[in-house]
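In what follows, a single structure is set out as C-alpha cells and then discussed.
Counting starts at 1 for both ligands and their atoms, in listed order.
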Amino acid sequence: MDTPQIVLAQRVQLIKPSPTLAVNAKAKALKASGADVLNFSVGEPDFDTPAHVRAAGKQAIDDGHTRYTAVPGIIELREGICRRFAEDHGWKFTPDQIQVSCGGKHGLYNMAQVLFNPGDEVLIPTPYWVSYPPIVLLAGATPVLFPLDEKDDFDLNPDILRQHITPRTRAIILNSPSNPTGAVFSRKALEAVGAMALERGWIIISDDIYDTITFGNAPLPHILDVDPRLQAQTLVLNGVSKSFAMTGWRIGYTAGPKHIIAAMNKVQSQSTSNPSSVAQYAALAAVTGPQDFPGVMRQAFLPRRAYMVNTLRAMPGVTCVQPAGAFYVFPNMAAYFGRSFGGKPITGSVELAEFLLEEALVAVVPGAAFGADQFIRFSFAAAMDVIEEGLRRVGSALGKLT
Ligand SMILES: *Cc1c(COP(=O)(O)O)cnc(C)c1O
C-alpha cells in the first residue's frame, strides 16, 4: 500500500521553522562528538532550584499530592500568588483572577486562544521573545512587529508604536525586562502605551517573567502602576521558571480580569487539565517561602554582566546596550556582515552564529530568531571563567574575518 500523503493543518503551516534550529543542532552534534563547546545560548538560570523548593516537591509526592488538581491550580498556590502581587506591588487580585499553567509560555498560549480572532492585530515590540509571533499566529491573529532602537536603549518609542496602530489593533505584548535585550521600559513609555490602551480598549499582555532579575536600584516601572484603570484590560504573566530557577517544573501564572481567566480555564480544562500537582506544591514553597533567591542570582549575574558588556564593547565595530535586567546581552555585530572566512560569506546573524560555533566553539543565538538580524544574544547565565574564555575565543575568531 502507498504511504498516504497527510497534509498538515494550515495553522501549523503558518509557523516557520525556527532560525535557531540549525545552529542548535550543530552545537549539539559538535558537543556529542567531544568538542569543547561553550554555551551562551541557554535561556535559563545556571542555578539549581533552591533546596526548600526541591524539598517541597519531594514532600508533595510522599503526601500523596499526586492526583488531578483544580483546573486553574490549587487554591493555596493561587492565594499565595495573590499575596505576592499584593506584597511586592500593592496590586489586588483574588484567586479567581489567577490561572496557574504549565509554564509561563502556556499561560500566554491560553490567553491568545481566548482573546484573539482572525484579523485581530497584536502589537509586538521587536526584538521580541521568539514565542510571541507563533502563539499569536496559532490563535489565528496577526502579529504586528514594531521596532525598538538600540539608540534608545531598546526602550519603547510611542511615536514608532503609533505608526503601527490600525482599526484592527486588539492588543500589545510588553516584556520588561526583555528577553533578548535585557531592557526595561521607562515609566514615560508605559504611560504613553497606557493612554493609548485606555483610549482604544486594547488588551495589554505584560510578560513579567524577569521582574525579579533587575540590576538598578529604582523600582521596575509597570503598566499597572501608571493608571489603576488598566487592571481591567491587562493580563499579567509571570511564573517561577526564571525567578526560582525552575524551568523544568513548568509552572507559570496569569493574573487578570475574572471572565478572561474563566475562559482560559475552559481551554486549559480541555488541553492539560492542570499543571503537575507535584510542581504546584514546589511552586507554592517558592511563592510563599523566603524571597531572597532572586537576589542571590542577581549578585552572581552583576559581575558577569559587567564583564560581558565591557568585553563586547571593546571589540571593534560592536555596540552593546547595558541590560537593566534578565540575563542576556544583545550586542549589535552587524559590522561583521559582508566579511567572510575561508570563502564563506557572513551575510547575517545566522551565518555569524554558525561561524562563531565552528571557529570559536561558542554557541550563541542569532538575532534573526528575535526579529533583529543585526544582533547576537549572549546569555550570562554561565560561570565567569566560561564567559572569559568564550569571549576571548569570540574576539579572536572575529579577527579572522576578512
Ligand atoms: C522564559 C520565558 C517565559 C516563560 O517561560 P516558561 O518556561 O514557559 O515559564 C516567558 N517569557 C519570556 C520572555 C521568557 O524568556
- [ ] Please say whether T247 places an N or O atom under 3.5 Å from an N or O atom belonging to ligand 1.
- [x] no

Open item on the list: Give the atom numbers and elements of ligand 1 that come within less than 4.0 Å of a heavy atom of S241.
Closed with: 6 (P), 7 (O), 9 (O)

Task: V240, D207, I251: member with heavy atom nearest to atom 12 (C) of ligand 1 - done: D207

Open item on the list: I want to know if ligand 1 touches Y210 in the polar sense, i.e. an N/O pair below 3.5 angstrom.
Closed with: yes

Task: Nearest-neighbour protein heavy atom for atom 4 (C) of ligand 1, which is reported as residue plus atom name and distance - done: I209 CD1, 3.8 Å

- [ ] Please confirm whether H106 comes under 4.0 Å of ligand 1, counting heavy atoms of the residue only.
- [x] no

Open item on the list: Below 3.5 Å, N or O to N or O, backbone or side chain included: is there any such pair between L237 and ligand 1?
Closed with: no

TODO: Please state whether the rings of F93 and W91 are parallel, tilted or perpendicular, taking 30° and 60° as the class boundaries.
DONE: perpendicular

Task: K105-ligand 1 polar pair, N/O distance under 3.5 Å - done: yes

Open item on the list: Less than 3.5 Å apart, any donor N or O on the side chain of N117 or R170 sitting next to an acceptor on the other?
Closed with: no

Task: V278/H65 under side chain to side chain contact (heavy atoms under 4.5 Å, CB included): CA gap, chis, key distance, verdict - done: CA-CA 6 Å; V278 172; H65 293 306; 5.7 Å; no

Task: Closest approach of any protein heavy atom to atom 14 (C) of ligand 1, naming residue and atom - done: K242 NZ, 3.1 Å

Open item on the list: I'd like to check whether N175 has a polar contact with ligand 1, where a contact means an N/O of the residue lying under 3.5 Å from an N/O of the ligand.
Closed with: no

Open item on the list: Is a donor from one side chain sitting under 3.5 angstrom from an acceptor on the other, for S186 and D155?
Closed with: yes

TODO: Return yes when atom NZ of K92 has more than 12 non-hydrogen atoms of other residues, nucleotides or ligands closer than 6.0 Å, and no otherwise.
DONE: no

Task: Atoms in ligand 1 with a heavy atom of G103 nearer than 4.0 Å - done: 8 (O), 9 (O)

Task: Pairwise side-chain contact, W249 with V240, heavy-atom cut-off 4.5 Å (strictly under) - done: no

Task: atom 7 (O) of ligand 1: the protein heavy-atom neighbour that sits closest, reported with distance to 0.1 Å - done: R250 NH1, 2.7 Å

Task: Candidate list V193, I173, T169, test side-chain contact (heavy atoms from CB on, under 4.5 Å), partner L123, passing option - done: T169

Open item on the list: How about CD on Q10, more than 12 heavy atoms from neighbouring residues, nucleotides or ligands closer than 6.0 Å, or not?
Closed with: no

- [ ] Flag the pair Y328 / F370 as yes when their ring centroid distance falls below 6.0 Å, and as no otherwise.
- [x] no

TODO: For N179, take its heavy atoms, then give the atoms of ligand 1 lying under 4.0 Å from any of them.
DONE: 13 (C), 15 (O)

Task: Heteroatom distance test (Y328, ligand 1): nitrogen or oxygen, under 3.5 angstrom - done: no

